[in-house]
Amino acid sequence: MFYFYKMREIQMVDLKAQYEKLGSEIDSAIKSVLNSTAFIKGPEVKLFEEALQNYMSVKHVVSCANGTDALQIAMMALGMKPGDEVITTNFTFIATVEVVALLGLKLVLTDPDPDTFNISPEEIRKAITPRTKAIVPVHLFGQCADMEEIMNIAREHNLYVIEDVAQATGAEYISSDGRRRKAGTMGTIGATSFFPSKNLGCYGDGGALFTNNDAIASKLRSIANHGMKERYHYADIGVNSRLDTLQAAILNVKLKYLDQFNAARRAAADYYDKAFAECPSILTPVRSGNSTHIFHQYTIKVMNGKRDDLKRHLELARIPAMVYYPGPLHLQEAYSFLGYGKNDFPVTRELCKQVLSLPMHPDLEQEQLGYIASSVLKFFEKH
Ligand SMILES: *Cc1c(COP(=O)(O)O)cnc(C)c1O
């Protein structure tokens with residue numbers, strides 16, 4: 001008989017471990033909503049918007065049903081017309097580009113910076129035409145895009161900037177003058193998601209919009225609620241996209257822990273960085289000088305062409321790993337109408353073959369980190 005000490009099973013994101021920690025606080029938050037039965041527009045929604053406003057140091061927070069809606073509502077509120085061009089990155093989650101296409105706007109993709117994975121200001125400049133109306137930077141994997149440069153371009157060309165903050169709620173951009181601002185509060189509008197696996201996640205779907213502009217804020221609020229200005233008076237064509245009270249109550253609990261959780265992610269990233277520092281086949285995530293990194297994902301680049309073999313090796317060791325993102329958006333069937341070719345976007349195509357995201361969440365234990373790191377290194381001893 002062998003006795004195995006059982007390490008906790010490793011997950012990409014361990015929502016269960018988090019619930020074990022916060023359970024009693026979450027339970028009582030949920031219970032109080034159940035007792036009030038104010039499921040839509042209950043007081044917790046406003047409390048959460050105010051708490052988040054305070055945390056983000058932004059003038060307005062408008063909650064909504066999910067991050068994809070947030071992006072869509074942002075574009076609707078800016079009054080963009082079919083054919084208006086929107087420049088974004090080809091290396092992101094589909095939601096970013098989906099809403100552009102849905103609204104009949106012209107999607108203009110760009111190759112990202114190969115080191116930070118974020119949208120490249122030089123590529124934005126090349127993509128600008130007289131019809132360009134907006135830039136959508138995505139703060140990918142938890143690190144801010146180069147917002148200072150992006151805002152300069154936007155000012156020069158009179159463009160809107162919609163920040164996709166879904167993966168970076170809580171990250172801070174550091175301007176060249178040392179000023180620190182939260183991701184999502186620098187552009188015209190910021191749009192985020194509270195999908196359960198995000199750094200600030202609820203127990204279902206949720207999202208929010210950020211802006212410092214009063215007129216835009218009231219437009220966002222109207223559109224998210226059927227375009228209603230006063231009761232049964234409709235000023236805008238809107239959508240039904242509200243954050244429900246249960247989710248707001250859960251977020252009210254979790255927001256208090258966001259910085260602590262992001263710090264724990266950073267500590268896990270530091271561990272990985274150190275473990276892989278001497279491995280020539282791995283490039284660890286580049287930390288840009290002008291942003292904090294809150295490690296929504298810890299994404300390495302596998303440089304010896306064996307990414308998929310490594311992923312299989314890890315799976316056999318019961319270590320999940322994910323490829324974000326396996327296919328460039330311009331080659332997706334649904335987006336063939338854009339007319340991009342197979343050989344376009346060399347940086348994106350290369351990244352799609354190299355990247356691998358390792359387990360990353362605030363509850364990774366030292367023992368788990370040690371096991372993951374040694375399993376990765378063991379693979380490269382043989383390859
Ligand atoms: C998760 C995500 C979204 C969409 O958020 P949902 O709440 O799932 O709609 C948008 N953009 C990016 C980059 C994301 O990671």
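Just so you know, ligand 1 is whichever comes first in the structure, and atom 1 is the first atom listed for that ligand. As a basis for the values below, the full set of heavy atoms in this structure was taken, side chains included, without hydrogen atoms, waters or symmetry mates.
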Problem - Check against side chain to side chain contact (heavy atoms under 4.5 Å, CB included), Val45 and Glu49 - result: CA-CA 6 Å; Val45 177; Glu49 286 182 348; 4.2 Å; yes
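- Looking at Lys229 and Asp236, no side-chain N of the basic residue comes within less than 4.0 Å of a carboxylate O on the acidic one, giving no salt bridge.
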For ligand 1, which of its N or O atoms have a protein N or O partner closer than 3.5 Å, and how long is each gap?
| residue | atom | partner | partner atom | Å |
| --- | --- | --- | --- | --- |
| ligand 1 | 5 (O) | Ser193 | OG | 3.3 |
| ligand 1 | 7 (O) | Gly67 | N | 2.7 |
| ligand 1 | 7 (O) | Ser193 | OG | 2.6 |
| ligand 1 | 9 (O) | Gly67 | N | 3.3 |
| ligand 1 | 9 (O) | Thr68 | N | 2.8 |
| ligand 1 | 9 (O) | Thr68 | OG1 | 2.5 |
| ligand 1 | 11 (N) | Asp164 | OD1 | 3.3 |
| ligand 1 | 11 (N) | Asp164 | OD2 | 2.8 |
| ligand 1 | 15 (O) | Gln167 | NE2 | 2.9 |
| ligand 1 | 15 (O) | Lys198 | NZ | 2.7 |

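- Residues meeting the side chain to side chain donor-acceptor pair (under 3.5 Å) test with Asp214, sequence neighbours left out: Lys59, His60.
- Listed by chain and number, the hydrophobic cluster partners of Val286 come to none, as no ILVMFWY side chain reaches under 4.5 Å of it.
- We find that Asp244 and Lys41 are not joined by a salt bridge, their nearest charged nitrogen and carboxylate oxygen being 4.0 Å or further apart.
- Residue pairs meeting the ring-ring contact (aromatic ring centres under 6.0 Å, His included) criterion with at least one member in residues 236-263, sequence neighbours excluded: Tyr257-Phe261.
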